[in-house]
Amino acid sequence: MNEKTVTPELAREHGLSPAEYGTVLGILGRTPSLTELGIFSVMWSEHCSYKSSRIHLKKFPTKGPRVLQGPGENAGIVDIGDGLAVVFKMESHNHPSFIEPYQGAATGVGGILRDVFTMGARPIASLNSLRFGRPEHPRTRYLVSGVVSGIAGYGNCIGVPTVGGEVSFDECYDGNILVNAFTLGVVRHERIWLGTAAGVGNPVIYVGSKTGRDGIHGATMASGEFDEKSEEKRPTVQVGDPFTEKLLLEACLELMRTDAIVGIQDMGAAGLTSSSFEMASRGGSGFLMDLDRVPQREEGMTPYELMLSESQERMLIVAKKGREDEVREIFEKWDLDVSVIGEVTGDGIGRVRWRGKTVAEIPIAALTDKAPVYDRPAERPEGQDALQRLDSAGLPAPSDLGETWVRLMCGPELADKKWVFRQYDHMIRTNTLILPGSDAAVLRVKGTRKGIALSVDCNSRYCYLDPFVGGMIAVCEGARNVACSGAEPIGLSDCLNFGNPEKPEVMWQFRSAIEGMAKACEALGVPVVSGNVSFYNETMGKGIHPTPAVAMVGLLEEASKRRVQWFSTDGDLILLAGADRLGVHLGGSLYLKEIHGKVAGTPPPVDLAHEKRLQEFLREAASVDLIASAHDLAEGGFACALAESCISGPGSAMGARVLNPFPDTTRPDFAMFSECQGAVLLSCAPAKRDALLELARRFRITMKELGVVVGEHVDIEGLARVGAAELRTAWSEGFAAALGLEK
Amino acid sequence: MKTAVLVFPGSNCDHDAYHALKHVVGVDAEFVWHKQGTLDGFDAVVIPGGFTYGDYLRSGAMAKLSPVMGAVRRFAEGGGPVIGICNGFQILLEAGLLPGAMIVNDSLRFVCDYVHLRAGTDRTPFTRGIPEGTILKIPVAHYQGNYYADEQTLSFLEERGQVVFRYCDPEGNVTRESNPNGSARNIAGICSEAGNVLGMMPHPERCSEEAMGSADGRRLFDALVAWLGERTA
Amino acid sequence: MKAKIYVTLKRGVLDPPGKAIRASLSHLGIDGVEDVRVGKFMEITLKEIGVDEARRRLDEACRRLLANTVIEEYRIEIGG
Amino acid sequence: MKAKIYVTLKRGVLDPPGKAIRASLSHLGIDGVEDVRVGKFMEITLKEIGVDEARRRLDEACRRLLANTVIEEYRIEIGG
Ligand SMILES: Nc1ncnc2c1ncn2[C@@H]1O[C@H](COP(=O)(O)OP(=O)(O)O)[C@@H](O)[C@H]1O
Ligand SMILES: [Mg+2]
């Protein structure tokens, strides 16, 4: 069979620019074979090479006393004491999920799980961050059902609880949904494995499912904009097989308890290519691989296809020479394919053979070191000033505040997400102490007294209006949510979803968001240990709001000190911590969007020093048992936070009677729904009041006593009052109703 | 006193069952791989939940063919206590150790949530001391938990006291709204005619500690320990 | 050789997917559908073992695994 | 009138159920099965709207709901 001859045109069709193709010719000193072209094209795609983002990602703080592994491996690792560590990462599966929501989301979950267990950790929890178009858009309902059942289908089957996430809707995602999946695992320090290939003569072993023609060009697809041609790319959709992944998980963890291996990595984007070249690059070695020995599902696969296939549920292992049989025995026990397909070499060259011929021969260091890096032009969009202008005073005041309140609470943004997480097994493994529905989920770590708190956040309206402040807020909110549960944030992973980086405005958004996030991370002392960039979230030239989702991981030394967001006891006092952070901030608010149909203004200001004190105060208050609940003010402002604390608990709805926190404002709607950063609604037993106020003084946190948990109504005196039970019913049905889904 | 926790390819509540038995209740437990053909030396058998063989054909269908299921049959015929939870229940149905079949939830969606159960009989080793009418709070997590049997079988089950649990509201009323999956007559769990084999969709192993939101599930395992103690005494 | 197996729910057994499809079709404005029953369909590739032997083996496969005769019935079609 | 719809995975698309069933059959000792592909099968009862109209509506139903044309293909059989 004759491979197509490589021409500059073909290189361009593979997404390599003329300059990039020139570099390829320089590295090889000849025209690449088709297989080699495929390898360069995927390795240098945006998705794998981070060519447009790398120089900016360097701005993140990635070190800290607890960090055992920062960015650069399959996932980040953070020490939690007692010889244990948590391994976590978030990744996007946006484009595949738009094309085929069930399988796209499912394989997204499968991929992130592999990233975590490839390091030796047993996955114990997953999160997901989802963005869809307008609820009334004709495709939204189908996409929501498909994505949610895909996440459920994969996660439930493999037996890892999905304990939290976020779901949000905006017109800007009509043609580009976001599906970001996060998984966290736990590992003993001495069982950590890295994706490295070392030791000349050591066997390279393929395990897992057979290779088919799945998702060929998935990685390059994720790096290109959508257009009408996307339809043609459809048959490359990958189908997930969670059952096989469960076997693979158990087999890999069993293997990792031996010392038979040197390194291991999953075959994710760009499959055999990225796993082999990345492992050799990290190990400073080379390899020789024989593609005829790759287990194949389809007939007549070419070397190009074998190297680029994105078939799921596969791993690449470098074992110690002579230990092949141990590896084989374990994988055969679990009914998985296993095949020695090559060996590690010392010459720094990646050699691929097929039917007795060498089909690729690439110097690994050059492939990695000479990978393109771009400092793309960045420019603040012309319309940004206009966007930030907002005449609040000119907004008409709603005639019925109670009705407006209910409307916000029952809209798809704030409504109960139980329709979603009821489909996720969130209890399996019996660690979930705080189930989905609170600011953060909390899991216990069996065998210790510790707890892990998890939250994923991003307000993309804020990021759109001011990506720098929006980026800061994403980090602060994540950390605050975790602090509300009583935990200390110890690390984060992110998924940076943006439009086309070749547009200077998008690059400006990207750079600004990273700088804002980095600043907040520095201030709060939270390292970024892993993450993912998804560019080209554009359809027909229209980009999404910048959406840097932040998955925050927190640690509780004593899981028993966890706190939830809801009120639990009649007679408890209600207080606002950080009361001086309140202000009339309507920019980017949910109220402005949902009730007035505008996305404008600037996001609420952030005070990082205050934020840090506030979070320390919250942890201390929880650990000495001064508070019963804590819930931060976010979307929907004070009134919606209060309502959530009343109705989101597992028991029956609670009533509350509180003062208007803004007694001076002439606009009651602003008092209720204006948003701010750094205020938290607390409840405490009356007997704890004095001590709590004293503690707040110590942390220089302004407290305002607002009222009491009581009665059958959520009542903001002088402003509005709604029945708690009715609100709860409407709120719990709001999500399905807004999307026209079955209850 | 030793309990077997069966492990099939795709079982995933095996560790939870083991944890509840060994670390919460404090009875000896051991994993038994599905290829094992005997259960000698065990006093009780737990078939845990999960997605054996991915539930790809029908839930529980492929697992029933494993060698260990022959041993389970003999163990059950000898009067030994067997509990199948969720996928374990589905396996018992497929294997014909309990009557009826499971179809997909009427919502067509997976459901994970706390539900309430009304106990129907205390004659099984797992419900000794849980009198009829007791209300338990226990979570479900399944996609195919819609219990089906023909009318005649359903009547037999009722007449012979084989309906062990029904879905109910927090007050114990067996209502349509409290049925999470469309099961015939709100059935959540049934036992064999002799009473020693129990299949149930809800997960007692998930709620054996207060920290998990309910410790009602523990009552089933405590009952088992008491029952086994009486038998050996 | 090729064979096909059709597994369908017995009459009288509830078919939630069928019911849901029927409702969705009418939401979509596709009228005239009175009933939908959903079944499984398997395309099997066999070694050349002759029609009778193939039928015997597939029948056994259906009874023991592919169909749950409490709720389902099956039909085997050899060839085609 | 009656119709049948067969929905099968496109060639090359991974079929996890088919793969698992094939493995189970060989564990059962039922030999000779080389490949299994699982599909959906729907029996539809329609109002008497004529063959052409029925085909048109079912085709629309398949494209919009019954088949996921990204990974599946379908076949409609009217009558029988
Ligand atoms: N936004 C980001 N922030 C921090 N680290 C990142 C970010 N994006 C990517 N990384 C890191 O870069 C490395 C490569 O990421 P990726 O290519 O997504 O991994 P994989 O090969 O598992 O798909 C990982 O270690 C990842 O954690
Ligand atoms: Mg990886």
Side-chain angles (χ1 to χ4, degrees), chain A residues 122 124 145 148-163 240-251 333-336 418-436 442-444 446-447 451 559-560 562 650-652 736 741-743, chain B residues 7-20 22-24 31 33-35 48-57 59 62 86-87 105-115 137-143 170 177 180 202-214 217:
Chain A
R122 178 172 286 279
I124 64 158
S145 313
V148 170
S149 55
I151 291 171
Y154 210 102
N156 299 352
C157 181
I158 197 167
V160 176
T162 303
V163 299
D241 180 355
F243 169 61
T244 297
E245 178 126 318
K246 167 74 174 160
L247 304 182
L248 192 60
L249 161 69
E250 297 301 336
K333 168 184 163 192
W334 290 98
D335 294 327
L336 293 163
K418 196 164 187 175
W419 187 92
V420 176
F421 63 72
R422 209 171 181 247
Q423 297 185 55
Y424 301 150
D425 191 335
H426 46 265
M427 305 184 201
I428 190 163
R429 304 197 66 74
T430 61
N431 295 321
T432 323
L433 299 173
I434 298 183
L435 304 180
V442 173
L443 294 115
R444 64 178 175 188
K446 288 199 187 102
S560 62
R562 65 188 180 276
S652 43
L741 294 159
E742 303 264 330
K743 256 200 265 176
Chain B
V7 184
F8 298 87
S11 295
N12 62 25
C13 300
D14 43 350
H15 287 269
D16 299 352
Y18 183 91
H19 172 78
K22 185 125 173 179
H23 302 303
V24 180
F31 290 120
W33 184 236
H34 73 116
K35 288 193 176 153
F51 284 75
T52 48
Y53 299 94
D55 278 356
Y56 284 150
L57 176 61
S59 45
M62 299 191 217
C86 197
N87 197 235
N105 297 348
D106 59 358
S107 66
L108 299 182
R109 294 192 302 266
F110 190 96
V111 54
C112 174
D113 208 350
Y114 263 101
V115 297
K137 185 184 164 204
I138 297 192
V140 288
H142 57 249
Y143 180 60
E177 292 68 43
H203 286 271
E205 82 286 6
R206 289 192 185 186
C207 56
S208 291
E209 297 163 86
E210 229 21 280
M212 294 290 108
S214 164

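Only heavy atoms go into these numbers, but all of them, side chains included; no hydrogens, no water, no symmetry mates. Sequence lines set the chain letters: A, B, ... in the order given, protein chains first and strands last, and positions in each chain run from 1.
- Highest contact tally toward chain A, considering only A211(B), C13(B), P139(B), is held by A211(B) [criterion: heavy-atom pairs under 4.5 Å].
- In summary, R444(A) and E209(B) engage in a salt bridge, as defined by a charged side-chain N under 4.0 Å from a carboxylate O.
- The main-chain N or O of G213(B) is found under 3.5 Å from a side-chain atom of K137(B) such that the two form a donor-acceptor pair.
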Give the C-alpha distance, both sets of side-chain angles, the deciding distance and a yes or no for ring-ring contact (aromatic ring centres under 6.0 Å, His included) between F31(B) and Y18(B). CA-CA 8 Å; F31(B) 290 120; Y18(B) 183 91; 4.6 Å; yes

Applying salt bridge (charged side-chain N to carboxylate O under 4.0 Å, His left out) to K333(A) and E250(A), what does each step give before you reach the verdict? CA-CA 10 Å; K333(A) 168 184 163 192; E250(A) 297 301 336; over 6 Å; no

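- Y53(B) touches chain A through backbone and side chain together, each having a heavy atom under 4.5 Å away.
- In the model, T430(A) has a side-chain atom that pairs as donor or acceptor with a side-chain atom of K446(A) under 3.5 Å.
- L249(A) does not touch chain B: none of its heavy atoms, backbone or side chain, sits under 4.5 Å away.
- Looking at L433(A), the atoms closer than 4.5 Å to chain B (heavy atoms on both sides) sit in the backbone and in the side chain alike.
- Proximity to chain A (any heavy atom under 4.5 Å) is restricted, for E205(B), to the backbone atoms N, CA, C and O.
- Checked by atom type and distance alone, the side chain of H142(B) never pairs as donor or acceptor with a backbone atom of N87(B) at under 3.5 Å.
- Remark: the Y56(B) side chain and the D241(A) side chain contain an N/O donor-acceptor pair separated by less than 3.5 Å.
- Listed options G49(B), P9(B), A141(B) were ranked by heavy-atom pairs under 4.5 angstrom with chain A; first place goes to P9(B).
- For T432(A), the part sitting under 4.5 Å from any heavy atom of chain B is the backbone (N, CA, C, O) and nothing else.
- Of the residues considered (A559(A), G153(A), P242(A)), P242(A) shows the highest number of contacts with chain B, using heavy-atom pairs under 4.5 Å.
- The backbone N or O of P204(B) lies less than 3.5 Å from a partner atom in the side chain of S208(B), making a donor-acceptor pair.
- Within the 4.5 angstrom heavy-atom criterion, only backbone atoms of S11(B) (N, CA, C, O) approach chain A.
- Across K418(A), Q423(A), K246(A), K743(A), the residue that shares the most heavy-atom pairs under 4.5 angstrom with chain B is Q423(A).
- Among the candidates Y143(B), Y114(B), F51(B), the residue making the largest number of heavy-atom pairs closer than 4.5 Å to chain A is F51(B).
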